[in-house]
**Student:** 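Encoded as structure tokens, here's the structure I'll be asking about.
Small disclaimer: the values here were computed from a predicted structure and weren't measured. The chains referred to below are lettered A, B, ... by the order of the sequence lines, with proteins before strands, and numbering in each begins at 1.
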Amino acid sequence: MLPKQYRLKNKSAFKATYKVKNSSHSGGVTLFAGILKKENAPTKVGFVVSKKVHKRAVKRNRLKRLMRESYRLLLKENALGHSQKYLSLIFVGTEKALGKNFKEIDNAIRKLIQGIE
RNA sequence: UAAAGCAGCCGGAUAAUCGCGCAGAAAUGUGAGGAAAGUCCGUGCAUUCAAGGACAGGCUGCCGGGGAAAGCCCGGACGGUGUGAACCGGUGGAAAGUGCCACAGAAAUGGAGACUGCCGAUGGAUUUUAUAUCACAGGCGAUGGUGCAACGGUGAGUUAAGAGCUUCACCAGUGAUAUCGAGAGAUAUCAGCUAGGUAAACCCCAGCCGAAUGCAAGAUUAACUCGAAGGUUAUAAAGGCUGUCCGCCCACUUCGGAAAUAUCGCUAGAGUUUGCAGGCAACUGCAUUCCCAGACAGAUGAUUAUCUAGAAACAGAACACGGCUUAUGAACUGCUUUAUAUU
RNA sequence: GGGGCGUUAGCGCAGCUGGUAGCGCAUCACACUGGCAGUGUGGGGGUCAGGGGUUCAAAUCCCCUACGCUCCA
């Protein structure tokens with residue numbers, strides 16, 4: 001789990017991030033990037049797994065936790081690169097990502113972070 | 001030894017590294033379930049309203065006990081299933097009334113019989129009479145086929161033929177009486193009453209139920225203040241009060257838009273542990289002990305190693321609690337039954 | 001978190017005061033035509049979402065389960 005300062009919390013912030021329509025996919029995970037930062041604030045991140053992906057809460061939570069853990073490790077390694085230019089990021093898990101282990105999810109997240117400009 | 005039945009227990013553990021929620025100044029402490037699930041019942045709690053009354057309406061349904069209550073639990077009765085241990089049961093009333101019972105069938109509730117039939121004792125006719133005969137009067141409800149179901153069942157006796165006929169044996173129901181039991185009910189005797197099914201059809205009986213809305217309830221604070229309607233003498237109108245009606249309340253009231261943040265509600269409770277006492281049990285009483293998630297894009301995770309059992313199932317709190325239902329892994333323990341073998 | 005509704009032929013729907021399931025489109029065959037379209041006639045196709053119960057009999061009544069849709073900010 002991430003510290004609170006890095007979390008995307010507001011509903012309107014989520015909406016604003018989706019509106020930019022700057023998205024990319026990898027291994028069943030979709031990344032939405034928001035607008036570019038003006039001030040020197042930390043980049044906020046949200047993780048989403050829809051109820052339509054799977055009915056059971058346990059499986060959805062598992063996927064969210066894996067995505068979060070991967071991002072946290074990247075943050076620790078200071079390997080986030082260009083993604084920190086943006087005010088907000090959202091990772092969306094889909095049916096393809098369901099049931100994959102940590103290594104597969106981690107690879108997908110790393111690809112997305114590296115691909116962003 | 002094998003196969004069953006019932007009950008109980010566990011719901012992964014340890015270590016390393018990196019992390020999160022809540023409380024706290026910090027050190028540190030603490031952090032998902034037996035079902036947290038489905039939302040099928042029932043409570044608490046909150047808001048609005050309630051002078052009330054009538055009629056509707058809903059739920060439950062053997063007996064006794066427990067419980068705050070429940071479509072809940074325990075014990076018993078009865079019925080059914082099983083060789084048995086045991087298990088299952090929405091189990092009041094069809095003799096208050098109404099409806100329905102397709103097709104088939106003579107007939108589907110009205111105490112029927114008109115189809116197919118049996119008889120011709122009694123009376124009558126034919127005949128001298130008897131015997132005999134009869135599209136006679138009439139008697140009968142056994143026989144045949146239909147159907148889930150045919151007006152108690154089976155067997156005998158009686159008879160012209162027959163029949164629960166009340167003559168008899170056994171059985172089923174019903175009613176009365178007696179005994180036992182707290183009661184559901186059980187047993188015995190007598191009566192001779194025989195009445196189709198369906199109430200998860202309407203209904204009747206008994207018991208229970210203020211209504212509506214659910215923590216997105218609701219309270220406090222800050223900020224924007226915008227639109228619409230009716231009334232302002234009375235009536236009317238609008239709004240509200242329980243589904244309807246009677247009746248009642250209000251004189252600034254109702255509806256809507258935008259915003260949807262912060263704090264509270266928010267977890268000490270029909271609570272947990274252990275012991276003793278009462279009770280067959282459910283459960284209750286007393287003492288003792290403990291404080292045990294409280295988020296708001298929403299906390300328990302990731303990786304590695306070892307082990308149980310080489311790879312741990314079902315599954316994630318969102319106001320709380322009591323039940324029910326459904327999902328689910330591996331191992332173990334106790335009691336009981338049946339069968340076989342040996343002593 | 002709390003309500004409501006639905007599931008019937010390949011598709012869209014009836015039937016839900018119990019008596020053995022239909023309609024339209026689609027599909028198949030035949031006829032009309034030189035052929036196509038079109039029209040007409042005839043036919044096939046159903047675990048009535050799944051399981052259990054009540055009843056002589058259940059798509060229909062009752063209970064449980066699954067899936068889908070929808071409302072309350």
**Student:** How many Å lie between CG on A:L63 and P on B:A315, as a whole number?
**Tutor:** 17 Å
**Student:** Between A:V58 and A:K103, which is nearer to the 5' end of RNA chain B once each is assigned its nearest nucleotide?
**Tutor:** A:K103
**Student:** Any donor and acceptor pair, going by atom type alone, linking the side chain of A:E104 with main-chain N or O of A:N101 inside 3.5 Å?
**Tutor:**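 Between the backbone of A:N101 and the side chain of A:E104 there is a qualifying donor-acceptor contact (under 3.5 Å).
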**Student:** Name the pairing partner of C:G1, where a pair is Watson-Crick or G-U wobble with both distances under 3.5 Å, or state none.
**Tutor:**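 C:G1 is paired, partner C:C72.
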**Student:** For A:R60 and B:G298, what is the distance between atoms CZ and P respectively, to the nearest whole Å?
**Tutor:**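 My rounded result for the distance is 15 Å.
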**Student:** B:A32: syn or anti, with syn meaning chi within 90° of zero?
**Tutor:**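 In terms of base orientation relative to the sugar, B:A32 is syn.
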**Student:** Just the rounded figure in Å: distance from C1' of B:A313 to NZ of A:K59.
**Tutor:** 11 Å
**Student:** B:C246 and B:A56: how far apart are their C1' atoms, nearest whole angstrom?
**Tutor:** 14 Å
**Student:** With RNA chain B as reference, determine whether A:F102 or A:K64 sits nearer its 5' end, using the nearest nucleotide of each.
**Tutor:**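 Nearer the 5' end of the strand: A:K64.
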**Student:** Under 4.0 Å, heavy atoms only, any strand: does A:K76 hit a base, just the sugar-phosphate, or nothing?
**Tutor:**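 Result for A:K76 = sugar-phosphate.
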**Student:** Which whole-number value in Å describes the distance from A:L75 CG to B:G19 C1'?
**Tutor:**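 Nearest whole value for this atom pair: 11 Å.
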**Student:** Any side-chain heavy atom of A:L73 sitting closer than 4.5 Å to one from A:F102?
**Tutor:**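 Touching, per the 4.5 Å side-chain cut-off.
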**Student:** With both distances under 3.5 angstrom, what nucleotide forms a Watson-Crick or G-U wobble pair with C:C32?
**Tutor:** C:G38
**Student:** Please state the P separation for the pair C:C67 and B:G38 - nearest whole angstrom.
**Tutor:** 11 Å
**Student:** So which atom in A:G93 and which in A:M67 form the shortest heavy-atom distance, rounded to 0.1 Å?
**Tutor:**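 Reported closest heavy-atom pair: N-CE, 3.9 Å.
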**Student:** Identify the nucleotide, in any strand shown, that forms a Watson-Crick or G-U wobble pair with B:G57, with both distances under 3.5 Å; if there is none, say none.
**Tutor:** B:C209
**Student:** So do A:R68 and A:R72 actually touch side chain to side chain, heavy atoms under 4.5 Å?
**Tutor:**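 A side-chain contact is absent here, since even the closest heavy-atom pair is not under 4.5 Å.
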**Student:** Which of these nucleotides, B:U303, B:U300, B:C18, is closest to any side-chain atom of A:E69?
**Tutor:** B:C18
**Student:** B:C20 P sits how many Å from A:M67 CE, rounded?
**Tutor:** 19 Å
**Student:** To the nearest Å, give me how far apart CG (A:N61) and C1' (B:A315) are.
**Tutor:** 11 Å
**Student:** Mind checking who B:C180 pairs with, Watson-Crick or G-U wobble, both distances under 3.5 Å?
**Tutor:** B:G185
**Student:** Name the one of A:V45, A:V48, A:T30 that satisfies side-chain contact (heavy atoms from CB on, under 4.5 Å) with A:I90?
**Tutor:** A:V48
**Student:** Using purine N1 to pyrimidine N3 plus N6-O4 or O6-N4 for Watson-Crick, or N1-O2 and O6-N3 for G-U wobble, both under 3.5 Å, which nucleotide pairs with B:G52?
**Tutor:** B:C246
**Student:** Between CG of A:L66 and CZ of A:F91, what distance do you get to the nearest 0.5 Å?
**Tutor:**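 Here the interatomic distance stands at 13.5 Å.
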**Student:** Between B:U272 and B:G243, how far is it from one P atom to the other, in whole Å?
**Tutor:**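 To the nearest whole Å, 41 Å.
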**Student:** Confirm from the modelled atom types if A:R65 and B:G316 form a donor-acceptor pair under 3.5 Å, side chain to base only.
**Tutor:** yes
**Student:** For B:C168 versus B:A85, give the span between their C1' atoms, rounded off to a whole number of Å.
**Tutor:** 45 Å
**Student:** Taking O4'-C1'-N9-C4 for purines and O4'-C1'-N1-C2 for pyrimidines, is B:G124 syn (within 90° of 0) or anti?
**Tutor:**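 Anti, angle beyond 90° from zero.
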**Student:** Just the rounded figure in Å: distance from P of B:U304 to CG of A:L73.
**Tutor:** 12 Å
**Student:** Starting at CD1 of A:I105 and ending at P of B:U303, how long is that distance when rounded to a whole Å?
**Tutor:** 11 Å
**Student:** Sticking with atom C1', work out how far B:G42 lies from B:C59, rounded to a whole angstrom.
**Tutor:** 12 Å
**Student:** Is B:C291 in the syn range, within 90° of 0, or in the anti range?
**Tutor:**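 Because its glycosidic torsion lies more than 90° from 0, B:C291 adopts the anti conformation.
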**Student:** Test A:L31 against A:I109 for side chain to side chain contact (heavy atoms under 4.5 Å, CB included), laying out the working first.
**Tutor:** CA-CA 9 Å; A:L31 170 62; A:I109 300 278; over 6 Å; no
**Student:** So what's B:C193 paired with, Watson-Crick or G-U wobble, going by both distances under 3.5 Å?
**Tutor:** B:G173
**Student:** Of all the nucleotides listed (B:G316, B:C18, B:G298), which has the minimum atom distance to the side chain of A:R72?
**Tutor:**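 Nearest listed nucleotide: B:C18.
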**Student:** When rounded to the nearest Å, what value does the distance between C1' atoms of B:U273 and B:C290 take?
**Tutor:** 7 Å
**Student:** State the pairing partner of B:G147; accept Watson-Crick or G-U wobble contacts with both distances under 3.5 Å, and report none otherwise.
**Tutor:**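 In the structure as shown, B:G147 has no Watson-Crick or wobble partner.
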**Student:** When rounded to the nearest Å, what value does the distance between C1' atoms of B:U126 and B:C136 take?
**Tutor:**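 These two C1' atoms come out 12 Å apart once rounded.
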**Student:** Both distances under 3.5 Å, Watson-Crick or G-U wobble: report the partner of B:A282, or none.
**Tutor:** none
**Student:** B:A70 and B:A77: how far apart are their P atoms, nearest whole angstrom?
**Tutor:** 26 Å
